Amino acid sequence: MRVSRGPSEGYVRSRVPRGFHLEVARSIQRALASKVVEEDLVNIDNVDLVSGVDVAYINHGDVEIGVSVASTYSLSNSSIIEWSCWVGPVTFPYVPTLLSFRELKPVVNAYLRLRTKPQVVLIDGHGRAHPYRLGIASHFGVCMRIPTIGVAKSLLYGKVDRVEGPILDVGTNEVIGWAIRCAPGKPTYVSVGYGVSLGSAVNLIKRLCVGSQMPIPILHSHNMANNLKRRITKKLMSEKSIEELDSECRSSMRDYL
DNA sequence: GCGACAG
DNA sequence: ATCTTGTCGC
């Protein structure tokens, strides 16, 4: 049985930047969480285009650079039909329960660069399976008003009793997500992001996790982000601005299309 | 007291 | 997530 009550507020506060108001952040999370729709805004069975977003990081001296990629998979074509990328500075640190304050900008920017918008977006991280019910997948969905699903490799908050089954809130026993097993020994945690029911979310993720812990769209974005990261790391020594690197990455996409 | 804790 | 050497296997 896997259980996580999430990090204590004291721990979170100790890791937050100077001048950052945690109380305000929590109010924002509670407010946006109340806007989450947990019903299907689209018929999942008829969905064709599903995007997945992932972010890789580069430590460049005292600056951290984020490399985000959004990939769109067509279920009818069984292939990736488009992908986009974004390169830029990331200043907020990783703090459990505040992931969206760090990754939302890279994720949104990569998503906005997709020429064809998908019907559903998959985000690596949790959605409602979050102590304030607003993981990055829900945060993204509420802001962009598009159906989203949170897909994570480990638990942030909640308890799971079976290899496959519900993720329950430790305090209220409310179902906040679902654990599935698509890869041997490795669980995949699915939770509602926005505009989709948990049942539909689980069905869609199962269709997209082909022998892997992660669904195809996120897997592709993950690989592309790391490819770009490798290229960029070499060029970083040759005094180039982040803007130039971003521009070069957008152009280099054509090599793959 | 020790460990927990998306990416 | 990232850092990081050698090592195992196709």
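What you are looking at is a predicted structure, and each value in this text was computed from that prediction instead of being measured. Chain naming here is simple, since letters A, B, ... match the order of the sequence lines and numbering starts at 1 in each.
- Both A:Leu156 and A:Ile167 belong to a single network of hydrophobic side chains, linked directly or stepwise wherever heavy atoms of I, L, V, M, F, W or Y lie under 4.5 Å apart.
- No side-chain heavy atom of A:Val50 sits less than 4.5 Å from a side-chain heavy atom of A:Thr72.
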Study note, to complete from the structure: The dot-bracket string of DNA chain B, counting Watson-Crick and G-U wobble pairs with both distances under 3.5 Å, using [ ] for crossing pairs and | for pairs to another strand, is .......

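- Heavy-atom neighbours of A:Lys35 NZ from other residues, nucleotides or ligands within 6.0 Å: at or below the threshold of 12.
- Atom CZ in A:Arg102 sits about 9 Å away from atom P in C:dT2, given to the nearest Å.
- At whole-Å resolution of the value, CH2 in A:Trp178 and P in B:dA6 are 23 Å apart.
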Point to revise | Contact letters for nucleotides 3-10 of chain C, in which S counts primed atoms plus P, OP1 and OP2 and B counts the base, heavy atoms under 4.0 Å | key: S-------

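- For A:Glu39, the CD atom sits in a loose shell: 12 or fewer heavy atoms of surrounding residues, nucleotides or ligands are nearer than 6.0 Å.
- Heavy atoms only, all atoms of each residue included: A:Tyr132 and A:Ala33 are closest at O-CB, 3.4 Å.
- Distances shorter than 4.0 Å separate none of the side-chain N or O atoms of A:Lys153 from OP1 or OP2 on B:dA6.
- In this structure, A:Ser76 and A:Asp48 approach most closely via the heavy-atom pair N-OD1, 2.7 Å.
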Could you go through nucleotides 2-5 of chain B and list every protein N or O atom that sits under 3.5 Å from one of its N or O atoms, giving the distance for each pair?
unit_1 : atom_1 : unit_2 : atom_2 : d
B:dC5  : OP1    : A:Arg2 : NH2    : 3.0
B:dC5  : OP1    : A:Ser4 : OG     : 2.7
B:dC5  : OP2    : A:Arg2 : NH2    : 2.3

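- Residue A:Leu99 contributes atom CG, which lies 9 Å from atom P of B:dA6 at whole-angstrom precision.
- Within the nucleic acid shown, A:Ala56 comes within 4.0 Å of sugar-phosphate atoms alone, with no base atom in reach, counting heavy atoms only.
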**Study point:** A:Val196 vs A:Leu41, side chain to side chain contact (heavy atoms under 4.5 Å, CB included): CA-CA, chis, key distance, verdict
**Key:** CA-CA 6 Å; A:Val196 64; A:Leu41 295 182; over 6 Å; no

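- The CG-C1' distance, from A:Asp62 to C:dT2, rounds to 16 Å in whole Å.
- Between A:Asn226 atom CG and B:dG7 atom P the separation is 14 Å, expressed in whole Å.
- Using a 4.0 Å heavy-atom distance criterion, A:Leu98 is classed as a base contact.
- Side-chain contact between A:Asp124 and A:Val53 is absent, with no heavy atoms from C-beta onward closer than 4.5 Å.
- Relative ring orientation between A:Tyr111 and A:Phe140 is described as perpendicular, the plane-to-plane angle rising above 60° on a 0-90° scale split at 30° and 60°.
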Check your understanding: Could you spell out the base pairing of DNA chain C in dot-bracket, with Watson-Crick or G-U pairs whose two distances are under 3.5 Å, [ ] crossing and | to another strand?
Key -> ..........

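- Looking only at side-chain heavy atoms (C-beta outward), A:Arg145 and A:Val37 stay at 4.5 Å or farther from each other.
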Review point. Between A:Ile44 and A:Asn203, is a side chain to side chain contact (heavy atoms under 4.5 Å, CB included) present by the stated rule, with each step listed?
Key: CA-CA 9 Å; A:Ile44 296 298; A:Asn203 288 334; 5.5 Å; no

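- Within residues 179-203 of chain A, no residue has any heavy atom under 4.0 Å from DNA chain B.
- As rounded to whole Å, 9 Å separates atom P of C:dT2 from atom CG of A:Asp54.
- Nucleotide C:dA1 holds its C1' atom 15 Å from the CD1 atom of A:Ile218, rounded to whole Å.
- Contact of the A:Ile205 side chain with the A:Trp178 side chain is not registered, since no non-hydrogen atoms from C-beta on lie closer than 4.5 Å.
- Atom NE2 of A:His130 is separated from atom P of B:dA6 by 11 Å (rounded to the nearest Å).
- The 12-atom threshold is not exceeded at CZ of A:Arg230, counting heavy atoms of other residues, nucleotides or ligands nearer than 6.0 Å.
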**Study point:** Check against side chain to side chain contact (heavy atoms under 4.5 Å, CB included), A:Trp86 and A:Arg113
**Key:** CA-CA 8 Å; A:Trp86 178 85; A:Arg113 287 180 174 180; 3.5 Å; yes

Run the side-chain donor-acceptor check on residues 96-110 of chain A: report pairs under 3.5 Å with partners two or more places apart or on a different chain.
unit_1   : atom_1 : unit_2   : atom_2 : d
A:Thr97  : OG1    : A:Arg26  : NH1    : 3.3
A:Thr97  : OG1    : A:Arg26  : NH2    : 2.9
A:Ser100 : OG     : A:His139 : ND1    : 2.9
A:Arg102 : NH1    : A:Glu64  : OE1    : 3.3
A:Arg102 : NH1    : A:Phe92  : O      : 2.8
A:Arg102 : NH2    : A:Glu64  : OE2    : 2.8
A:Glu103 : OE2    : A:Tyr57  : OH     : 2.9
A:Asn109 : ND2    : A:Lys105 : O      : 3.1

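- Grouping the Ile, Leu, Val, Met, Phe, Trp and Tyr side chains by contacts below 4.5 angstrom, directly or via other members, places A:Val121 apart from A:Ile216.
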